[in-house]
Amino acid sequence: MNRSQHKDIENWFISRGVPHFISNYSARTDIWTRALPFLIVAYLAGGLNALNLAEWSLGRNLVAAGITIASLVLGWSLTNLVLQRPFLAIPKEIGKPELVAFVIGPAIPSAIFQQWGDSFQASIEGLAILGIIYVAASFALGHLLSWALRSSLSQAAMLGRLLARALPLLLLFTTFLFVNAEVWQVAGQLTGLPYLLGVGIFFLLGAAFVLSRIPRSISGLNKFSSWDEVKQIIVGTPAEGLPVPSDGAPSEELSTSEKIDLALVTTFNQSVQITFVAVVLTLFFTLFGFLAISIDTQSAWMMTEQSHVFFTWTLSGRDLVVTESLLRVAGFLGAFIGMYFTVVLATDETYRSEFMEDTSPLAHEALAVRLAYKHSHEA
């Protein structure tokens, strides 16, 4: 296998959302390097947190911006010099020194202006961003999302039929909950972390149900009767033409990371569909509440003073409002519907069979390419 074909196969793995199928997949050369543009943007944004647009004059903010950018460029340059690279070189590999600089660098401008709280916040945000970028880049979530959106469009008719069967009764039930005072007293008054945790419970329950079904959905995908079958499947892929054995049954255990890749490929577009349904129904409840539930009714249900109003529109002498409490209740019920729809998708045999008919061949093809790639890489 020549280097060009080797690179084409690895890029093909990434585009299919299975980057851990790549041999010797490394955070230094594969994950952080691919995420470098996002790291640069986050690095600058964290440093510019030192500015105080609300209290400082324009001139002082401009001076602070100049100092901030200069200190960030200097930090980048010093890291290059320590690692014996050209002064302003863009690194081809990103390891611990660059990541440490990414966390500490944006905190320095705030420290220069003695904004110790902002300095600490910049470092914490840097660590959080590194975690998010690592997961997103490591599992090629951007490519997975793009593929899931395209796949969901092709499955729109199937999803529409399922919605037509499942949602009428659910809407009747949840609409009754929406005009129930107790729901407003619970969800309408939750704020901050308690609200996020409450909504997160529905997400975790749905995710746990999906995860429990993954072993069954991917069982048998990595089984091939012969190398001839593998050779036929990889036709039309970058692995076409790779030498494979002429006899014997191919078999190679998947690593934990590879299993996670495969699980994401077989369930990610389903997650996009569930999210879409939850968001649409959240918008439905927001619109319904905007048209039908006055701010006085909302306050009476919650037995509190009026909620913060984001938008008011007077129609036929009636004030229609979008309040903070309305958005909380709509989001709470939207998350509940998302959990319910997760169960519906997992238990509806017609949907599951049609869904697996669309996703299983793609995963099976990726596994065949992986076998040929691994064999040629080891040869």
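Numbers here simply count residues along the sequence, with the first being 1.
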Candidates L362, L254, I233 - the one meeting side chain to side chain contact (heavy atoms under 4.5 Å, CB included) with L367 =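 Filter result, single survivor: L254.
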
Measuring only between side-chain heavy atoms, which start at C-beta, is [X] closer than 4.5 Å to [Y]?
X	Y	answer
F178	F288	yes
V329	F332	no
H375	V230	no
E229	S226	yes
H364	F224	yes
I293	W301	yes

At their closest point, which heavy atom of A363 faces which heavy atom of L262, and how far apart are they?
->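 Heavy atoms of A363 and L262 come nearest at CB-CD1, 3.7 Å.
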
Considering all heavy atoms of both residues, which atom of A140 and which atom of G17 are nearest to each other, and what is their separation?
->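 It is CB-CA, 4.3 Å.
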
Rounded to the nearest 0.5 Å, what's the gap from [atom1] on [X] to [atom2] on [Y]? Could you check?
X	Y	atom1	atom2	result
L177	L172	CG	CG	10.0 Å
L141	S146	CG	OG	12.5 Å
I22	N11	CD1	CG	7.5 Å
L242	H6	CG	NE2	10.0 Å
T323	H308	OG1	NE2	9.5 Å

Partner residues of F336 under the ring-ring contact (aromatic ring centres under 6.0 Å, His included) criterion, sequence neighbours left out =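 With neighbours one apart ignored, the set is F202.
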
F13 vs Y373 aromatic rings, parallel, tilted or perpendicular, using cut-offs 30° and 60°?
->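 Answer is perpendicular, since the angle exceeds 60°.
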
Just checking, any donor-acceptor pair under 3.5 angstrom between side chains of E365 and T237?
->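 Not at all, the side chains of E365 and T237 share no donor-acceptor pair under 3.5 Å.
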
Can a salt bridge be assigned to the pair E240 and K231 using a cut-off of 4.0 Å between side-chain N and carboxylate O?
->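 Result for this pair is no, no salt bridge flagged.
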
Check ion pair K374-E258 (N to O, under 4.0 angstrom) =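 Salt bridge present between K374 and E258.
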
Kindly write out the residues that satisfy side-chain contact (heavy atoms from CB on, under 4.5 Å) with V343, not counting sequence neighbours, or none if the list is empty.
->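 Checked V343 against side-chain contact (heavy atoms from CB on, under 4.5 Å); matches are F209, T347.
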
Acceptor/donor pairs from residues 122-131 side chains to any protein atom, 3.5 angstrom cut, sequence neighbours excluded:
from	atom 1	to	atom 2	distance (Å)
E125	OE2	Q121	NE2	2.7

Only distances under 3.5 Å count here; give the side-chain donor-acceptor pairs of residues 309-322 to other protein atoms, sequence neighbours excluded, each with its distance to 0.1 Å.
from	atom 1	to	atom 2	distance (Å)
T314	OG1	D319	OD1	2.9
R318	NH2	A292	O	3.1

Is the gap between the ring centers of F139 and H20 under 6.0 Å?
->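 F139 vs H20: aromatic centres under 6.0 Å.
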
Indicate every side-chain donor-acceptor pair of residues 274-287 with a distance under 3.5 Å to a residue at least two apart or in another chain.
from	atom 1	to	atom 2	distance (Å)
T275	OG1	S271	O	2.9
T282	OG1	A278	O	2.8
T286	OG1	T282	O	2.8

Give every residue pair that meets the side chain to side chain donor-acceptor pair (under 3.5 Å) criterion with at least one member in residues 176-203, sequence neighbours excluded.
->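 Listed once each, the pairs would be none.
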
Might you confirm whether atom CZ of F38 has over 12 heavy atoms from other residues, nucleotides or ligands at distances under 6.0 Å?
->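 Count not over threshold, so no.
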
